[in-house]
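This report refers to the structure that appears directly beneath it.
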Amino acid sequence: MKWAFWRRARHNEELQEEIQGHLLLAEREALESGQTANEARHAARREFGNVSITEEVTRDMWGWRWAADFLQDVRYALRSFRQLPGFVAVALLTLALGTGATTVMFSLVSGVLLKPLPYPEPNRLVAVNGHTEGWNTKIWGEQKLAYLDFLDCQRDSHSLDMAALVYNSGTLSAPGDAKYVDYFEISSELFSVLRVPLGLGRAFLPEEDKIGATPVAILGYSFWQQRFDGTAEVLGSSLFLDEKHYTIVGVAPPGFKLYGDEPEIYTPLGQDPAGYLHNRAAQPVRVVGRLHPGTTLAQAQAEVALTGSHLAQAYTDTNKGRSLQVKRLQPPVGDVGSTLWLLLGAVGLVLLIACANVASLMLARAISREREMAMRVALGAGRGRLVRQYLTESALLSLTGSILGVMLANWGLHPFLAFWPGDLPRADEVQLDWRVLLFAIALALLTNVLCGLAPAWRAPVKEVEQILRAGARTVTAGTRRLHSAFVESEMALAIVLLVAAGMLGRALLHASSLNPGLDIRNLLVMRVGLSPATLADPAKIPAAWQDLIERGRRVPGVQSLTAVDIVPMRQGNNEYGYWTTADVPPQNKQPMALASSATPDYLKVMGIPLLEGRFFDDHDRLGSEPVIVVDDVLATSAFPGQDALGKNLWIPDMPCPQPDVNKFVECSTPFKIVGVVGHVRYWGLAGDDQAQLRTQFYYPFAQVAPPFLTRWSQLMSIAVRTTVPPLTLVEPLRRALRGATGDQVLYQVRTMEQLAHDSLEMQRFLLLLFGIFAALALVLACIGIYGVLAYLTGRRVPEIGLRMAIGASPSDVTWLVLRQSWEMILLGIGIGTVAALAAGRILERLVEGMQPTALSTFMIVIPFLVLAAMLASLVPARRASRVDPTHALRQE
Amino acid sequence: MAKRNDRYQNRTEILQGTLDMLILQTLQWAPRHGYALSKAIRTNSGEILKVDTGSLYPALHRLERKGWVAAEWKPSDVGPRLRVYRLTKAGKRQLVSERSRWERLTAAIAGVLNPAEKEDVP
């Protein structure tokens, strides 16, 4: 800008010089023709005409008039804003709130959903997944690979560098206090495939990625900071993890996350002799790959698919029907996307209302300035110039509003992130970066157009004399319609948000009133890591659990205690297909059920009602008849109209409870149903009704076959029924259950009340936000209605005065005004209802536990809105009714 | 404020729209500064066409912006340097097209003014 003005100034000087030259030449010629010096100068001047007008017109030809005009517009706008501090404050506040909230939501969308993965050349990274027919990605997520399949794939691939990773967890016994840690078993290529340099030390070597190699480990950055104070001496020192000594060779770089998690430790995957890694039937391995330079995704897909089909032919018993797929590696964000888009949409509606509000304010102002504008037209201003004046004003407003909004967003973003229920994936990547700023600029432009166009659109041009003659005392039908349109759209948008908030409120009320299926009070649940030495020897495990339960029971304040593998409303589950006859169909045709193994006290501890039969007792053990207990949902779905008690279920994938086996054995006999218990809302209060998998059964922990005891014991939790506030028992339990070697640890400690409460956290959060949005929308809409009506009524003062002079009563006048608002409100509600029904559909799909849009929601929301709107219009109506007729008529 | 422009441009006695053509035509033979240009037009028209400077300079700057003429500062013997305009290639093309348009127009007008020469009107 500065540059343009500098150039303009120079051009100005040149133009003056050019004209001076012209005058001089003319003067000299006059002199030569014999005139006196004085005469010659005058003649030249006369001949030339008006110098300054010539200069001005010539300057117009340069084409930067806009710049000068723009400055003039800005000065003019600022001057007129200074006279209306109230108007400017309301408009700026409205716009700042609108753009601020929208910018915050977009920062989340951008950081969580739009940003590429934080590795170099993220678009060349791929994921290799398996796919078996009947695999439901929606429930189980992407199917992973068998470790042996990964090795074959890696060996055969010419288009991809591949690396593998397996989640694991275990007890770190030394150095320091025993701690249950998450660790990733990774293949040696992982860091090089991702092109992430180590923070300290080195990555694993290929020769360390083999069974029998020296155990080495890499530390996660945060864990290194916490446990080892971030000292470099840690390299070469030793870890005692799950009964194995590891030498630390490296530290991962800060902030390095894989699939959203930062593990405490990395170990070489190839060193792990675990059976499930050397059996193609199990698929625990996540595979990430990087396309070789010059190869395309399609080439990699074809190649890996080919390997997959070779594997399916070569290993028919394990790989039949399984194919391999290559997809672009996506950031791990789960289903949070829909929530984010939903909130961005809602906040966008608030912004629209804000724009409509400011636009109607600007329009009212524009109309009150109609006379002034008409005067300017009469003095020669073009329509384009007036439109530009309006747009300059709205641009100033929206730009300032947006800057304030971005400042608000900058200030509010982190509190909002902290407020997000649970863990927002990729939260650390959310920031006000260039994407967000770009968005904010686009937003400012949009608000500018939305706010400024309406007044500009009706800039006076045609009926100049009419306007000048009529003065500022008429409202044309077109203007009224435009005003009404703003009110109607504000009402409609407010309805959408109010109905959404109402639906969420109803869903939350409904969900909180639901019976969770168990007694959530005074119930503590936590995971237990048995001593690694015990886990290494399955023969010791049953006694260890027995000992742990006994010790726990003796802690004062503990009423009863049970061990169980899956806990309702908490992550982690196990499921099996079942069938009611021996003629079991293939796996993808079997119905599935949630399966949990528990000790005999489970029912009593959890407070789950026993409906029929019995729960387990000490007689259910290895070698005795395999028994299960089902919930009433499974009982009715598997045996409709019959008594499930005493019936059999065939569960082909469940290991048979036989002693003295060392591998998976399928039962020749079915599992007998010995009891029916109440359904537990396993998926949370809100989510359970719509969950895909609701049927549940329990089997005795004592009947878990020996080869599986170690794995099961790693996953077990305990639930404690207390007589005192449950959280006071955490420390006593920790001390009592530390075990003989002191390395038995409790982790993920929660009360059942917390879990139940957390299961509605997202609904509560959405309700709060939508409530705020709806309240904001309501207030804005009311301000809008008030402003428009006050303005329209103000315009009609002479007319009202006339009406009153010829006999209209104050109440007639009140009704006259109210009827006007009534029309706008009704139309707005009509449009809003249709829009709200559509929005309700979206909400139902995106939020767990939503009920179909109920009439009652509208029945509450609409009268509420009408009442608010009528109150807002009552003020101008009353004012109109108090118009003094003589005074009003004299004004004319 | 477009209206004011028009008002001053209309003041010229030269038929609207022909000034550009006259300037381009006059520059065809040699580059000239503004004063020489206005003098040349007046002389060549036998003192009939008088170019208003209030139109000439806007027209020159407009033509320059369109790229039909190019300007250059040249030192002069009167004292200040002079801005000398010369015809560009694009200007030459423009002149050709404006001339042919003008010739068609004058032929047409002549046809309207002298219809009797063509048909016998009773």
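Note on naming: letters A, B, ... go to the chains in the order of the sequence lines (proteins, then strands), and numbering restarts at 1 for each one. The figures that follow rest on heavy atoms only: side chains count, while hydrogens, waters and symmetry mates do not.
At a 4.5 Å heavy-atom cutoff, A:Gln20 makes no contact with chain B through either its backbone or its side chain. Contacts between B:His33 and chain A at a heavy-atom distance below 4.5 Å involve the side chain alone, from C-beta outward. For A:Leu23, no part lies near chain B; criterion is any non-hydrogen pair under 4.5 Å. In this structure, no portion of A:Glu55 lies under 4.5 Å from any heavy atom of chain B.
Counting heavy atoms from C-beta outward, B:Arg81 and A:Glu18 have side chains that stay 4.5 Å or more apart. Between B:Leu56 and A:Thr54 there is no side-chain heavy-atom pair separated by less than 4.5 Å.
At most 12 non-hydrogen atoms from other residues, nucleotides or ligands lie less than 6.0 angstrom from CZ of A:Arg45.
Atoms CG and CD, from B:Leu82 and A:Glu17 in turn, are 9.0 Å apart once rounded to the nearest 0.5 Å.
Nearest approach of B:Tyr57 to A:His22, heavy atoms of both residues: OH-ND1, 2.6 Å.
Between the side chains of B:Tyr35 and A:Glu29, at least one donor N or O sits under 3.5 Å from an acceptor N or O.
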Inset, instruction - Kindly indicate, with the supporting measurements, whether the criterion side chain to side chain contact (heavy atoms under 4.5 Å, CB included) is fulfilled by A:Leu15 and B:Arg83. - result: CA-CA 9 Å; A:Leu15 177 62; B:Arg83 205 154 192 260; over 6 Å; no
